[in-house]
Amino acid sequence: MSRKPRKNEEDNGFAAWGGYMEAKKAKLAEQFSKVTVGLTNKKSDIFNGIAILVNGYTKPGADELKIFMAAHGGNYHLYQNQGGCPTTHIIATNLPNTKINQLGNVPVVSPEWIVDSISANKLLDFKKYLLYTNHSRTQPKLNFPAMGKDKNAVPSPEQPQKYAKTATDPQFLSDFYNNSRLHLISTLGAEFKQLVNKLREESNSQFPGLDKLIQSKSDAGITTETPLKSEKIIMHIDMDCFFVSVGLRNRPELRGKPIAVTHSKSGKSNPNGSNRQAEVDLYMKRLPSGVIPKLDLIDETSSMAEIASCSYEARRCGVRNGMFMGSALKICPDLVPIPYDFEGYKQVSSILYHTIAEYTLDIEAVSCDEMYVDVTKILKKSGITVVEWASHIRHEIMERTGCPCSTGFGANRLQARLATKKAKPNGQYYLEPEEVDNYMYDLPLEDLPGVGYATIIKLHNLGLKTCGDLYDISLSTLKNELGQKNSEMIYDQARGIDKKSLNYEHERKSVSADVNYGIRFKNHSEALVFLESLSNEVYNRLSEIKMKAKTITLKLLTRAEGAPKETAKYLGCGVCDAINKSITTSYYLENPQHIFKEAKNLYERLSIIPEDLRGVGIQLSKLEKIAKTNKALAKFLNQPSNVGSNLTDRNESFDNSIGGIQDNNVKISHNKNTNFTTMEKTVTQDIKSSSKQDKVTGTVSKRGRSRGNMNTLKATSNLTNYFKHTKNESATKEFKSGNNSIDLNVLKELPKDIQKEIMEEYNLFDTAFDKLENKTASDNTNEKQNLTTKDNKNNENQELKKKGFASLSKEELKILLKNWIRNQEIPKDRDVDMLGTFFTNLVQERKLEYLFSMVNLLYRHISTKNCQWHDAYYKLLNHFQEAMLLTYGNTLLVPKGFFCGQHN
DNA sequence: ATCCTCCCCTAC
DNA sequence: TAAGGTAGGGGAGGAT
Ligand SMILES: Nc1ccn([C@H]2C[C@H](O)[C@@H](COP(=O)(O)OP(=O)(O)OP(=O)(O)O)O2)c(=O)n1
Ligand SMILES: [Mg+2]
Ligand SMILES: [Mg+2]
């Protein structure tokens with residue numbers, strides 16, 4: 001009797017067709033393009049005396065290797081020579097045993113030997129690139145120790161491990177990602193979503209493609225305009241068997257054949273003949289009942305490389321994307337494997353997106369080969385029909401990419417998507433409104449997007465097979481099985497309804513990096529080394545999108561109880577349990593050290609057995625944009641200045657702390673003469689290249705030069721000076737040259753175009769600046785803060801309500817705070833966020849005095865013994881400082897009464 | 001009622 | 001041999 005699967009059991013990823021491929025890598029291709037540049041002439045003689053024969057598919061290909069040899073003094077043989085000028089090396093990436101038997105004692109070497117030698121500009125020892133360690137005709141052995149079996153095998157110095165095999169190899173992460181198709185499609189998907197955002201942002205609303213279309217239509221003298229059949233017409237467009245089509249562009253001889261893009265070349269695997277049955281049995285046992293197993297066609301030697309994409313000829317015999325090559329060959333023995341071409345996919349995707357973008361930017365990117373487009377405007381403006389448009393755009397894409405695509409049209413995204421499915425391959429279909437009901441009635445439920453294998457089992461359990469079957473069932477029955485939202489979605493979908501509109505502006509909510517392949521560790525320290533490189537990886541992705549995070553999740557896969565240590569799939573994860581753990585930090589995760597520190601912590605708390613690890617992932621969520629740095633201010637901070645010089649020499653300085661919390665980015669000083677305090681926060685420059693933070697202001701102030709010099713005054717203790725300062729033409733000039741800090745009051749007096757530039761950088765033009773125009777900056781010019789008038793208070797409450805925290809007046813807030821403090825309550829995150837938003841508001845409205853009294857109140861509290869508010873307080877200060885920075889630039893004038901030094 | 005966390009599910 | 005990633009919607013159930 002099979003037990004009920006636990007929730008967190010990894011089903012081995014095989015339950016749904018996963019899909020994968022073959023071929024050498026993008027990295028190599030890159031190397032290749034580097035070394036081929038300008039290779040028409042002889043470059044060197046490094047291959048003098050070497051004669052190669054290329055056997056089978058290699059990367060670089062035979063043609064390229066031929067050019068390399070010619071350019072670097074070597075010989076290239078078409079057939080193996082024995083005497084005279086004998087063939088010295090066979091170049092191959094993979095050779096079946098039978099082939100090796102015929103080769104005699106000529107070493108079989110990987111093509112990387114050639115490429116690397118050229119890169120190094122000397123002949124490298126080929127032994128390091130041998131495909132096999134010996135030439136035994138019967139037992140070819142891979143040039144690296146088999147994992148698990150020869151645990152103690154150390155790569156010999158003669159033949160160091162060339163390929164990053166498991167995650168203990170420092171090269172592993174990049175090798176893996178360079179060869180992972182799923183990583184590629186995820187990355188490309190994100191890139192194209194980003195591209196649409198960017199194109200929309202930068203758009204001048206000119207659409208050359210559309211203009212041409214309108215022109216040609218009017219040239220043809222056709223003016224009749226049939227009204228559209230629905231308010232909107234949505235197009236869904238998707239490349240046909242994308243990876244295959246790209247691969248066939250330069251393999252015309254393979255057209256019409258069953259093709260699969262996969263890493264597998266021979267269709268075989270498991271050279272050691274290890275037993276796979278145990279894993280297959282366990283996998284079957286753990287399958288939820290009703291799931292069709294995907295391992296049933298696998299025997300001891302069939303390839304478990306996944307098929308990323310297969311041609312429609314292959315689909316005719318039941319092959320699907322994501323199938324194992326071995327299984328596919330069982331049902332389609334003629335299936336031809338072709339290698340991946342990562343660069344090609346990227347190029348074709350790019351052309352696809354840029355082509356559509358010549359007509360409209362009402363695009364929702366779905367993936368590298370697929371998008372939704374609102375074509376209503378195109379059809380209306382050009383006056384062409386859906387069919388004419390479809391033919392036009394499909395033809396253009398075919399012309400530009402050499403790859404076929406299909407398009408579907410409908411009144412909503414669901415209808416468009418279903419239409420595409422019907423149109424494929426290489427077709428187009430408009431699911432017209434009057435046809436929808438009929439079309440849906442017989443449609444199998446699994447054809448609805450979002451209905452996968454788990455959902456279809458539930459639906460089948462309810463006796464439901466087609467969309468029509470859903471017409472007889474109540475929504476509440478459905479809800480019992482599927483839950484609220486899912487039920488509503490399917491209920492609507494079955495009737496052809498889709499309320500979701502296209503989302504053109506994509507916003508990232510999480511960033512992650514996962515590796516569930518090649519994970520084999522002997523001990524914790526190996527695991528932690530890998531975790532650190534994964535932390536760096538995920539940090540790089542975070543910083544690329546200029547964000548910081550508050551939550552980190554460690555995602556581990558561990559070998560399931562009873563699962564064999566040696567997985568059926570080479571270096572796969574086998575049958576696993578999933579363990580995840582997350583933490584929401586009190587500070588922002590914004591450098592690799594933060595991430596690794598927390599990841600390590602989570603790892604240690606999970607107390608797993610390192611040998612049983614099969615997968616590791618890090619996910620970051622609760623993302624926020626890193627505050628933009630103002631270029632003028634960044635420039636200012638980058639050069640020596642005399643910020644605060646007239647203060648620090650003769651006044652007390654409160655080094656690097658506000659409210660007693662150490663922050664190396666913040667410099668605070670107090671001028672006793674004027675009773676104003678200056679707080680400066682340095683801006684971190686170029687986070688990526690260096691984690692070292694620039695502390696210009698902190699060091700410069702010690703120089704004490706230019707004391708009292710009005711023209712070089714950057715930060716002053718007196719607001720009146722600011723105004724004087726900016727009425728001065730030379731000061732304006734100085735600011736222009738990036739040599740000055742800026743206050744909104746100063747900004748107001750600068751030429752409009754400069755104002756605009758600065759404000760746009762801050763992204764505050766519409767908000768803070770307008771506010772400044774309309775209101776007077778009373779709060780911080782007048783030390784006696786007016787208590788809120790009734791009107792103000794109403795406005796404020798309105799604002800607060802908009803931000804989601806009810807009508808909390810300042811007085812009420814004060815009481816709340818006092819109560820917390822009196823009751824020794826620790827504020828919850830949501831409270832802190834609320835306060836933070838409130839603080840930000842106050843800063844933007846320049847209600848500083850009030851704000852400072854709040855901060856001081858808080859500070860006095862955390863200074864008390866046993867107070868547990870530190871996390872909350874630190875978090876608040878982050879809000880507060882960020883708002884300050886945004887509103888005031890790097891320099892802040894603080895009125896009398898703000899306590900910012902050490903409390904005693 | 002709404003929010004938070006830990007999952008599960010789906011899609012490419 | 002093989003490269004089983006990644007983002008987002010949403011549900012269950014406990015906390016607030
Ligand atoms: N399990 C999968 C599914 C897809 N892909 C990759 C290869 C596909 O070519 C590409 C696009 O996915 P599609 O779902 O659009 O499938 P195809 O384009 O291959 O075929 P179709 O004609 O059905 O769109 O994504 C993959 O690697 N593994
Ligand atoms: Mg496709
Ligand atoms: Mg697609």
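Proteins get letters first, then strands, A, B, ... in listed order; numbering begins at 1 in each. Remember, predicted model here, so these are calculated numbers, not experimental data.
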*Asks:* Can A:Asp299 and A:Ser302 be counted as having a side-chain donor-acceptor contact under 3.5 angstrom?
*Replies:* yes
*Asks:* When all nucleic acid strands are considered with a 4.0 Å heavy-atom cut-off, which category describes A:Lys581: base, sugar-phosphate, or nothing?
*Replies:* nothing
*Asks:* Counting any heavy atom closer than 4.0 Å, what does A:Gly189 reach on the DNA or RNA strands: base, sugar-phosphate only, or nothing?
*Replies:* nothing
*Asks:* So A:Gly518, base contact, sugar-phosphate only, or nothing? Heavy-atom distance under 4.0 Å.
*Replies:* nothing
*Asks:* Looking at the side chain of A:Tyr517, which of C:dT1, B:dC12, C:dA3 is the nearest nucleotide?
*Replies:* C:dA3
*Asks:* For C:dG9 and A:Lys509 - does any side-chain N or O of the residue sit under 4.0 Å from the phosphate oxygens OP1/OP2?
*Replies:* yes
*Asks:* Within the 4.0 Å heavy-atom criterion, would you say A:Ser186 contacts the bases, only the backbone, or no part of the nucleic acid?
*Replies:* base
*Asks:* Send over the distance from A:Leu606 CG to B:dC6 C1', rounded to a whole Å.
*Replies:* 13 Å
*Asks:* For A:Phe176 and A:Phe172, take the angle between the two ring planes, folded into 0 to 90°, and tell me which bin it lands in: parallel under 30, tilted 30 to 60, perpendicular over 60.
*Replies:* parallel
*Asks:* Categorize A:Ala190 for me: base, sugar-phosphate, or nothing, with a 4.0 angstrom heavy-atom threshold over every strand shown.
*Replies:* nothing
*Asks:* Nearest to the A:Asn179 side chain among B:dT5, B:dC12, C:dA3, which nucleotide is it?
*Replies:* C:dA3
*Asks:* Considering only B:dC12, C:dA7, B:dC6, which nucleotide approaches the side chain of A:Ser582 most closely?
*Replies:* B:dC6
*Asks:* Please confirm whether the shortest side-chain N or O distance from A:His506 to OP1 or OP2 of C:dA7 is below 4.0 Å.
*Replies:* no
*Asks:* When you measure from the centre of the six-membered ring of A:Tyr177, is the NZ or CZ of A:Arg541 closer than 6.0 Å and no more than 45° off the axis?
*Replies:* yes
*Asks:* Measuring to OP1 and OP2 of C:dA7, would you say a side-chain N or O of A:Ser512 lies under 4.0 angstrom away?
*Replies:* yes
*Asks:* For a quick check of understanding: with a heavy-atom distance under 4.0 Å over all strands, which category does A:Lys500 fall into, base, sugar-phosphate or nothing?
*Replies:* nothing
*Asks:* Is the phosphate of C:dA2 approached by A:Ser303 (side-chain N or O, under 4.0 Å from OP1 or OP2)?
*Replies:* yes
*Asks:* Measure from the side chain of A:Asn486, starting at C-beta and using heavy atoms only, and say which of C:dT1, C:dG5, C:dG10 lies closest.
*Replies:* C:dG10
*Asks:* Taking only N and O in the side chain of A:Ser269, is any of them less than 4.0 Å away from OP1 or OP2 of C:dA2?
*Replies:* yes
*Asks:* Mind checking if A:Gln619 touches a base, just sugar-phosphate, or nothing, with heavy atoms under 4.0 Å?
*Replies:* nothing
*Asks:* Have a look at A:Asn270 and say if it touches a base, only the backbone sugar-phosphate, or nothing, with a 4.0 Å heavy-atom cut-off.
*Replies:* base
*Asks:* Do the side-chain N or O atoms of A:His183 get closer than 4.0 angstrom to the phosphate oxygens (OP1, OP2) of C:dA3?
*Replies:* no
*Asks:* For the side chain of A:Lys569, counting heavy atoms from C-beta on, which of C:dT1, B:dT5, C:dA3 is nearest?
*Replies:* C:dA3
*Asks:* Of the nucleotides C:dA7, C:dA3, B:dT5, which has the atom closest to the A:Lys622 side chain?
*Replies:* B:dT5
*Asks:* Can a donor-acceptor pair be found between the side chains of A:Ser476 and A:Asn480 at a distance below 3.5 Å?
*Replies:* no
*Asks:* With sequence neighbours excluded, what pairs up with A:Lys509 under the salt bridge (charged side-chain N to carboxylate O under 4.0 Å, His left out) test?
*Replies:* none
*Asks:* Could you tell me whether A:Tyr177 contacts a base, only the sugar-phosphate backbone, or nothing, with contacts defined as non-hydrogen atoms closer than 4.0 Å?
*Replies:* sugar-phosphate
*Asks:* Do the side-chain N or O atoms of A:Arg541 get closer than 4.0 angstrom to the phosphate oxygens (OP1, OP2) of C:dT6?
*Replies:* yes
*Asks:* With sequence neighbours excluded, tell me which residues meet salt bridge (charged side-chain N to carboxylate O under 4.0 Å, His left out) with A:Lys193.
*Replies:* none
*Asks:* Using a cut-off of 4.0 Å on non-hydrogen atoms, how would the nucleic acid contact of A:Thr455 be classed: base, sugar-phosphate, or nothing?
*Replies:* sugar-phosphate
*Asks:* What I want to find out is whether A:Glu279 reaches A:Lys569 closely enough, with some N-O distance under 4.0 Å, to be called a salt bridge.
*Replies:* no
*Asks:* Base, sugar-phosphate, or nothing for A:Glu507, non-hydrogen atoms under 4.0 angstrom?
*Replies:* sugar-phosphate
*Asks:* Considering every strand and a 4.0 Å limit on heavy-atom distances, what is the contact class for A:Arg417: base, sugar-phosphate, or nothing?
*Replies:* sugar-phosphate
*Asks:* How is A:Leu482 classified with respect to the nucleic acid when contacts are heavy atoms under 4.0 Å: base, sugar-phosphate, or nothing?
*Replies:* sugar-phosphate
*Asks:* When you get a sec, tell me which of C:dG5, B:dT10, C:dG8 is the closest nucleotide to the side chain of A:Leu182?
*Replies:* C:dG5
